[in-house]
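Have a look at the structure below, then the notes.
Chain letters run A, B, ... following the sequence lines, proteins first, then strands; residues in each count from 1. This is a predicted model, so every value here is computed, not measured.
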Number of protein chains: 2
Amino acid sequence: MSVTLHDVARAAGVSIKTVSNVINDYPHVRPATRARVNEAIGELGYQPNLSARSLRSGRTGAIALALPELSLSYFAELADSVIRAAERVGQVVIIEQTGGDRERELQLLSSSQRKMTDGLIFSPLGMGMDDAARLDVSYPLVLLGERIFDGPTDHVTMRNIDAARAATEYLISQGRRRIAIVGAHEGEVVGSAGLRLRGYREALDAAGIPFDEQIIAYTTLWHRSNGATAMRELLSRDVDFDAVFGLNDTLALGAMRVLQEAGYRVPGDVSVIGFDDLDEAMYSLPSLTTVDPGRAEIAEIAVRSLMERIETPQAVEAPRLHLAQFRIVERESTATA
Amino acid sequence: MSVTLHDVARAAGVSIKTVSNVINDYPHVRPATRARVNEAIGELGYQPNLSARSLRSGRTGAIALALPELSLSYFAELADSVIRAAERVGQVVIIEQTGGDRERELQLLSSSQRKMTDGLIFSPLGMGMDDAARLDVSYPLVLLGERIFDGPTDHVTMRNIDAARAATEYLISQGRRRIAIVGAHEGEVVGSAGLRLRGYREALDAAGIPFDEQIIAYTTLWHRSNGATAMRELLSRDVDFDAVFGLNDTLALGAMRVLQEAGYRVPGDVSVIGFDDLDEAMYSLPSLTTVDPGRAEIAEIAVRSLMERIETPQAVEAPRLHLAQFRIVERESTATA
DNA sequence: CTGAAAGCGCTAACAG
DNA sequence: CTGTTAGCGCTTTCAG
């Protein structure tokens with residue numbers, strides 16, 4: 001049915017090896033021969049059979065990206081960046097959604113689907129430090145996120161503590177002293193929530209501002225509705241605060257909404273900062289000051305690291321950790337009058 | 001290196017055919033043999049080589065989804081739904097971003113990447129009716145969206161006209177008569193903008209309300225900022241309106257923000273409706289009334305149609321068109337006091 | 001019910 | 001510079 005190397009070879013009057021050489025840009029082919037082969041390829045509309053090539057070469061040309069779910073904007077934007085980065089190095093991306101479920105994440109690590117790709121970029125949410133050993137797999141793997149540190153693989157992520165400290169310092173520099181937190185996770189140490197809370201505390205300590213449990217609002221999930229609920233709870237506690245640090249943008253956006261509904265002016269009465277620099281942070285009312293955690297850089301480095309491991313698997317270099325550059329993006333929600 | 005059928009066969013003391021039979025759930029295998037083989041598989045940690053299987057079977061187990069970009073929430077949520085639907089039928093999904101660029105879309109249709117997948121679900125944005133013939137490809141293809149109709153392939157999309165008419169009728173039923181449009185496209189006939197505008201006009205006609213070009217705002221793109229800009233322009237025209245129909249949610253959200261900044265109350269002074277039922281529509285201030293275009297159904301049917309074409313390519317059935325069920329989702333932005 | 005053997009389309013030694 | 005040939009690991013007739 002489909003046209004093969006043999007067909008092209010026959011049409012061009014050469015052997016299949018020569019056709020193969022032309023296709024793979026093998027240098028030592030006479031220009032005239034090359035031209036003849038290319039013509040035959042064009043005429044017959046030959047396209048290499050990628051499965052055969054994979055079987056032979058052991059490379060598929062695809063990498064997998066596993067993440068919780070695309071309908072969470074952060075991950076959609078991450079996927080966008082990863083696909084772009086992969087495209088630059090000639091790889092396609094298979095996306096697998098885990099729903100942040102630990103069992104599914106664990107399964108996925110040893111699923112036979114792995115055989116379909118050259119490597120995996122993995123952003124777990126359900127797994128924790130105790131599962132680190134499970135990352136010691138036999139294929140190229142790059143870890144994303146803050147669920148597991150010091151694991152057996154390359155790890156690319158953001159400077160959560162530093163960035164959260166910077167965000168808090170930024171609010172303090174604007175004269176805010178009572179900075180509420182939305183989205184903390186009870187007792188968490190690593191994980192985005194734990195790390196960002198730690199950065200917050202560091203900034204408080206450095207400024208000599210006491211930490212007040214009363215203005216910390218906990219949520220399990222980080223959707224906009226959780227931010228809204230957390231803020232309602234905060235308001236019902238009847239405590240004082242003059243700023244809110246949403247541990248991510250959607251939380252901040254949800255909290256900001258409730259704040260405004262309750263009659264507070266943002267940033268007049270309360271200034272608000274988020275974390276992630278989602279597209280939508282730019283268009284909220286008021287637009288949201290936030291932390292750009294370096295998503296594009298994370299994607300770029302993750303793909304590059306993975307490709308290095310794919311291309312030179314023998315290089316048993318120690319696991320590498322890369323922390324992307326962050327920056328505060330100032331917008332209206334923290335503007336000073 | 002990796003363990004193959006031969007290794008398993010040797011370990012279990014059977015031939016590779018028997019192992020293959022076990023793996024593929026071929027019925028006529030003696031239970032004892034089956035057990036022995038399964039044990040060997042478990043011990044050796046055998047995983048089938050998917051490339052070899054693909055080469056042999058002609059099926060890859062992957063489908064491609066081509067869309068403009070994941071950072072547009074509508075497409076992220078569509079991708080989410082498609083991945084879930086594909087998973088249910090045992091397929092993985094490769095996502096390709098076109099940026100809505102016609103050239104890239106055209107290229108992608110004949111790229112050798114197609115060989116890596118069993119079929120393509122394609123949501124073009126740059127291509128138009130004139131390019132319909134280009135969809136006549138030799139592999140299973142399902143078209144999404146409203147750029148091309150009556151093309152040579154199966155097509156799954158939403159009831160744009162009906163849904164837009166329903167949205168408009170809904171506003172009219174609440175007593176609104178001066179319904180502004182945000183996001184129209186100059187001279188467009190098909191395409192989401194063209195079709196939704198047509199539904200709007202039909203509702204107006206049916207209600208005997210004159211169409212007024214003065215309250216139609218055009219934009220090229222459909223980002224939130226375009227909705228904001230369009231609304232500013234509308235306000236600067238100094239015309240009267242008591243409702244806004246954003247041709248999608250992000251436009252509506254952007255317009256709603258400007259409206260509120262300008263001191264209008266939503267829905268008090270102006271009620272606002274969107275289209276798409278994005279997650280974020282649920283959490284805006286006020287929450288946004290919108291049209292759920294049946295995204296989950298679209299994904300489900302698209303995958304199912306594609307699989308049918310993949311599994312029975314000989315069935316040269318005529319191209320099918322499926323229009324998903326829509327519904328109005330009532331929220332605060334159109335609440336009547 | 002199970003085994004032997006052919007071959008999917010390609011790449012890479014190895015010859016020439 | 002180009003041709004021959006041997007598999008990559010699997011599925012699948014076809015025998016037994």
Regarding [X] and [Y], does a basic nitrogen lie under 4.0 Å from an acidic carboxylate oxygen?
{"X": "B/Glu308", "Y": "B/Arg304", "value": "no"}
{"X": "B/Glu69", "Y": "A/Arg84", "value": "yes"}
{"X": "B/Glu146", "Y": "B/Arg159", "value": "no"}
{"X": "A/Glu103", "Y": "A/Arg134", "value": "no"}

Find the distance [X]:[atom1] to [N]:[atom2] and express it as a whole number of Å.
{"X": "B/His6", "N": "C/dG3", "atom1": "NE2", "atom2": "P", "answer": "12 Å"}
{"X": "A/Asn49", "N": "C/dG9", "atom1": "CG", "atom2": "C1'", "answer": "5 Å"}
{"X": "A/Arg10", "N": "C/dG9", "atom1": "CZ", "atom2": "P", "answer": "12 Å"}
{"X": "A/Leu55", "N": "D/dG7", "atom1": "CG", "atom2": "C1'", "answer": "9 Å"}
{"X": "A/Leu50", "N": "C/dG9", "atom1": "CG", "atom2": "P", "answer": "14 Å"}

Using a 4.0 Å heavy-atom cut-off, write out nucleotides 11-16 of chain C from 5' to 3' as B (base contacted by protein), S (sugar-phosphate only) or - (no contact). BBB---

I need the A/Arg114 CZ to A/Leu108 CG distance, nearest 0.5 Å.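 That separation rounds to 5.0 Å.
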
Given C/dC10, D/dC1, C/dT2, which nucleotide is nearest the side-chain atoms of B/Thr18?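 Nearest listed nucleotide: C/dT2.
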
Within the 4.0 Å heavy-atom criterion, would you say A/Thr33 contacts the bases, only the backbone, or no part of the nucleic acid?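 Sugar-phosphate contact only - A/Thr33 comes under 4.0 Å of backbone atoms but never of a base.
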
Any chance the side chains of A/Asp279 and B/Ser71 put a donor and an acceptor closer than 3.5 Å?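 Looking only at side-chain atoms, B/Ser71 and A/Asp279 do not form any donor-acceptor pair under 3.5 Å.
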
